[in-house]
Amino acid sequence: MKKFVLKKEEPRKRPEDYSIPYADLLNKQQLDAVFHEKGPALVVAGAGTGKTRTLVHRVARLVESGVKPSNILLLTFTRRAAKEMLNRASNILDERCKQVQGGTFHFYCSLLLHRHAEIIGYPSNFTIIDTADALEVIQFVRTELKLNKKKKRFPNKNTLLNIISTCINKHLDLRVVLQEQYPQFLEQEEKIQQVGLAYQEYKEKNYVMDFDDLLIKTRQLLTQHEDIRIKVASQNQFVMVDEFQDTNKLQAELTELFSSVHGNVMAVGDDAQSIYSFRGADHQNIMDFPERFEGTKLIKLEENYRSTPQILNVANNLLKQASFKFDKQLYSEIKDGELPALVQSSSEHDQSRFITQAVLQLREQEMELNEMAVLFRNGRDSFDLEVELNRKNIPFVKYGGQKFTEAAHIKDVLAHIRVLVNPMDTIAWNRVLMLLDGIGPKTAQDLFEWIRLAKNPYRLDLSDTTSQSYIDQLKVLSKLLVALKENDHSVAKVVELVVDYYRDFCKDRYDDYPKRLKDLEAFVNVSESFTSLPKMLEELALDPITATAVDTEQKTKEEAPLILSTIHSAKGLEWKHVFIIQCLDGIIPSAYSVEDEEQLDEELRLLYVAATRAKDMLYFSYPVLAQSAYGDYFTQPSRFLKDMNNDLVEEWKLVEEEQQQQIEEGNQQQLTD
DNA sequence: GCAGCGAAAATATCT
DNA sequence: TTTTCGCTGC
């Protein structure tokens, strides 16, 4: 026999060993991060310093070096971000990069939980409930528990859910949360605890999970089942977490668990951009990372490649105003641009006219609409602008704000789908049943008890036991559900049939039904892109469509649309021209955060994040007078803009055409005189 | 137990 | 302005 000696395979370690010219594409620090091999690393990256670029190239490099894509886990803040990064990675390398596991913590946890559901006592078809559903459940247990009708004020469902969720996400005891945030309810601690437990029990009994459960049950799964932890963590040879400043304590723990076999974990973040503390995010996670992961290599990205020095000056000025100081100065080698504009308008509507016309002007100068963005603090801050944009036929997409799936009529339709997927989902059944005349909370509850025990939960054949007024309606409902269950329709067909059934209810219940019916048609269209009903429910829960996205879809095919976004949803993105509207004191900073130094700082960072999205030009815009939802008036520009002098920003004045003509005529007059 | 009416309250950012 | 609570008549 002849021997053929195979040479030892040289691991690729240096940029020269690769087909992609990493060394030409990246700076020294970025290269360090991309070529970081084993062990934990923390990349502290200021705004615009090429954080995404670094992650994208690291994914490409790992794949190119022979790591199986499925052994890489990339956790990002939104699913959109993960998709974009993996797309970019496959553009520089190849399609393999799309096989990388990517998504939000919630998404990845959902994946693991569906895979191992039975171990924690759930069926694999469990439903994920959104905040509105969660509130309904809270309301239900709240009324159930209200045995002694003492006249003491008891927190309402919103507050209760907030308290419960804060305990979980910040990993705190109920008492601590109450002491810090709701001292007025300290006396009720016991009852609040009861609500919390009843809520938990309700969810478990009905096989549903809320967003927090996805995280907490995953931790439970991995800490209580050593074998599964090892299996999961073995697969994750390389773990990367983006936007680490906006992870909470629980997510930091999960990061540790996910990477607990190989220990190759890279976190990327910027403490100056932490804007999610309301959700339990703790930018201390960044500071604590080296302690949590021993032997952490620290890499700092400091040079900004995005914005002009003028924009960075403004950003640096903002950061300087923080009461908790940052040791941070952004700088860039980009050539000078215009001074950021400070635009005062006389009314919100004039502000909208300004934005619309400025956008049109830029478009005439050959700038694509999607290279510009309008950012704002609250979803509703763009309502007036949206009307104006529609009038002028400017296509736009809006990120953030009211979700399409949160609208009552869409939830009604979705509830029917949910009972088809998970017949134990009481919340959905309640919604479905209470649409019928004569069925209220109590009857719905009784009916569900019957459904729970029924052989076929969709065959609502109660004619021999009841002679109620709703019996005929129940038959119609039952016929629909049985038919949908028995036939193997496409997702869109199912949605269409449910919508057909629901249309009359919609007309009865809502005065503005024409608009809602249009939404329903749009929903049928949207549903075509889903492969199965469970998948659709999961996707819609974890990545809900924004309200305007649906009806703008048509228009956007012709021209890339203008971007409208809440500042929170603009995280990590960039545009040539950025307009920040409604820069009013009381809006940003929000009137509810001015009392608290920490919260005020977060509002400041929010404006910082908004400002650093701009590459070429930045506009701060505010109307002189703005009315809030019920009565209050905001009349002052944001306090954060107050001490920006003329070196930093340029004040723009809006002048009406007629006025301008008069001025010009006046000048003419003077000349001829 | 349901539905409808009038009075009273009311935080927003997102997975 | 919109949502939520509590009361009343059926």
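Throughout, protein chains are lettered first and strands after them, A, B, ... in sequence-line order, and every chain is numbered starting at 1. Model, not experiment: these values are computed from the prediction.
- A:Phe105 and A:Phe258 have parallel rings, their planes meeting at less than 30° on a 0 to 90° scale where 60° marks the start of perpendicular.
- Residue-level contact check: A:Phe107 touches neither bases nor backbone, having no heavy atom under 4.0 Å from any strand.
- A:Glu406 comes within 4.0 angstrom of nothing in the nucleic acid, heavy atoms only.
- Side-chain contact of A:Asp585 with A:Ser638: a donor-acceptor pair under 3.5 Å is absent, judged by distance alone.
- Of the N and O atoms on the side chains of A:Glu538 and A:Ser110, at least one donor lies less than 3.5 Å from an acceptor on the other residue.
- Contact annotation for A:Asp437: backbone-only contact, meaning every heavy-atom pair under 4.0 Å involves sugar-phosphate atoms and none involves a base.
- Nucleotides C:dT4 and B:dT13 have their P atoms positioned 15 Å apart, rounded to a whole Å.
- The shortest distance between the side-chain N/O atoms of A:Ser569 and the OP1/OP2 oxygens of B:dC14 is below 4.0 Å.
- Here A:Gln445 does not reach the OP1 or OP2 of B:dG1: none of its side-chain N or O atoms lies under 4.0 Å away.
- Nearest-nucleotide positions on DNA chain B place A:Leu436 closer to the 5' end than the other of A:Asp212 and A:Leu436.
- Legend: residues meeting ring pair (Phe, Tyr, Trp, His ring centres under 6.0 Å) with A:Tyr207, ordered by chain and number and at least two apart, are absent.
- Remark: A:Arg279 is not positioned above the aromatic ring of A:Phe211, lacking an NZ or CZ atom under 6.0 angstrom from the ring centre and at most 45 degrees off the axis.
- Considering only residues two or more places apart in sequence or on other chains, A:Tyr619 meets the side chain to side chain donor-acceptor pair (under 3.5 Å) condition with A:His577.
- Using a 4.0 Å heavy-atom cutoff across all strands shown, A:Ser590 reaches at least one base atom of the nucleic acid.
- A donor-acceptor contact under 3.5 angstrom links the side-chain atoms of A:Arg377 to the base of B:dA12.
- Taking atom C1' in both B:dA12 and C:dC5, one finds a spacing of 23 Å when rounded to whole Å.
- Among the heavy atoms of the strands, none lies under 4.0 Å from A:Arg79.
- With rounding to whole Å, A:Leu160 atom CG is found 15 Å from C:dT4 atom C1'.
- Within the 4.0 Å cut-off from OP1 or OP2 of B:dT15, not a single side-chain nitrogen or oxygen of A:Thr78 is found.
- Nearest-nucleotide mapping onto DNA chain B: of A:Asp446 and A:Glu602, the residue sitting toward the 5' end is A:Asp446.
- Proximity of residues 530-543 of chain A to DNA chain B (heavy atom under 4.0 angstrom from any strand atom) is restricted to A:Leu542.
- Note on A:Thr443: a side-chain N or O is less than 4.0 Å away from OP1 or OP2 of B:dC2.
- The six-membered or imidazole ring of A:Phe77 lies near that of A:Tyr276, with a centre-to-centre distance under 6.0 Å.
- Comparing atom distances between the A:Phe278 side chain and each of B:dT13, B:dG1, B:dT15 picks out B:dT13 as nearest.
- Among the heavy atoms of the strands, none lies under 4.0 Å from A:Phe105.
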